[in-house]
Amino acid sequence: MRVATWNVNSLRVRLPQLIRWLNESQTDVVCLQEIKMVDKQFPAKELADAGWPHLAWMGQPTYNGVAIVSRFPLENVQKGFEDGEEVDAQKRVIAATVHGVRIIGTYVPNGHRVGSDKFAYKLRWLDRFKRLIDRLDPKTDVLWCGDMNIAPDDVDVWDPFEWEGKVLCHPEERRRLQSIVDWGFVESFRERNPFASQFSWWDYRAMGFQRNHGVRIDHVYLTDSLNKRCSNVAIWRDVRGWEQPSDHVPVSVDLD
DNA sequence: ATGGTGGAAAGTCCA
């Protein structure tokens, strides 16, 4: 089973690319972020006709929005935190079980600038997500993927000196990510590529992709049982060079 | 250089 994550930056604009990429990559399940549409706009028929009929989505006007697109049935779909706390107006979490694997897709807040209200929201959001993970069992098959908006280490940034202490790299967000990982996750890409500097996002501005000014902020985390079943991790860099690309590329894992 | 480009949506907000 191939499972992936992709921040599409508008599913309306990127739908042809999504269907093309699903076919070329033969991906079975993909978690999407930034679909940027309300629920009634979701292209369920188009995706079903293309061969991915099992769908869950949670949109909002203009911003955010997450979805799961699958060849296989989705069970126990969860939309949002569903933790009894105040409902988050920003739609950033969706989960479902596929063939016994609990798949959680997230669009972690960007945080804008360190010290801003948005950065404080990002840290609160990560604390709340940690509590969601704490309610699960690390001995079960859990896959957490998405646009994490955090570069875990300096090697995940094109210029770590330029980025030091800034949003995506600040110690406070890295510490929170690590505390979630410490619950019982392995970061699938870094586990298999200890020293590789490969990126998943490049700024549209200032020729970011052409100059390879990128960061690796899209990740797939696996519990130990799933990590043992993982035979491959891929960052689909070429997709960034397609016509009218998202600023992010897909990241996939293969589970035997 | 607090810029730049792209997307939603119709003047800005967000990344």
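Please read all numbers here as calculations on a predicted model, not as lab measurements. Naming: A, B, ... by sequence-line order, numbering from 1 per chain.
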Any donor-acceptor N/O pair, A:Q78 side chain to A:G80 backbone, under 3.5 Å:
yes
Which part of the nucleic acid, if any, lies within contact of A:Y107, taking any heavy atom under 4.0 Å across all strands shown: a base, the sugar-phosphate backbone alone, or nothing?
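Answer is sugar-phosphate: A:Y107 comes under 4.0 Å of backbone atoms only.
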For [N] and [M], measure between their [atom1] atoms and round to the nearest Å.
{"N": "B:dG3", "M": "B:dC14", "atom1": "P", "answer": "16 Å"}
{"N": "B:dG4", "M": "B:dA10", "atom1": "P", "answer": "24 Å"}
{"N": "B:dA9", "M": "B:dC13", "atom1": "C1'", "answer": "10 Å"}
{"N": "B:dG7", "M": "B:dT2", "atom1": "P", "answer": "26 Å"}

Mind checking what makes side-chain contact (heavy atoms from CB on, under 4.5 Å) contact with A:P43, not counting sequence neighbours?
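side-chain contact (heavy atoms from CB on, under 4.5 Å) check on A:P43 returns A:L11, A:L15, A:M37, A:E46, A:L47.
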Suppose we screen for side-chain hydrogen bond (donor to acceptor under 3.5 Å, both in side chains). Which residues come up paired with A:N9, at least two apart in sequence or across chains?
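Here the qualifying residues are A:K36, A:Y204.
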Atom-pair distance ([atom1] on [X]; [atom2] on [N]), nearest Å:
{"X": "A:K118", "N": "B:dA15", "atom1": "NZ", "atom2": "C1'", "answer": "10 Å"}
{"X": "A:N110", "N": "B:dC13", "atom1": "CG", "atom2": "P", "answer": "16 Å"}
{"X": "A:N149", "N": "B:dA15", "atom1": "CG", "atom2": "C1'", "answer": "8 Å"}
{"X": "A:H213", "N": "B:dG3", "atom1": "NE2", "atom2": "C1'", "answer": "16 Å"}

Do nucleotides 4-12 of chain B as a string where each nucleotide becomes B, S or -: B if the base has a protein heavy atom under 4.0 Å, S if just the sugar-phosphate does, - if no protein is that close.
BBSBSS---
Applying salt bridge (charged side-chain N to carboxylate O under 4.0 Å, His left out), name anything that partners A:D154, two or more places apart in sequence or on another chain.
A:R174
Return each pair, listed once, that meets salt bridge (Lys or Arg N to Asp or Glu O under 4.0 Å) where at least one residue sits in residues 229-239 of chain A; pairs must be two or more places apart or across chains.
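Every pair satisfying salt bridge (Lys or Arg N to Asp or Glu O under 4.0 Å) with a residue in residues 229-239 of chain A: A:D141-A:R229.
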Which residue pairs pass the ring pair (Phe, Tyr, Trp, His ring centres under 6.0 Å) test with at least one member in residues 8-43 of chain A, sequence neighbours excluded?
A:W6-A:W21, A:W21-A:W236, A:F42-A:W57
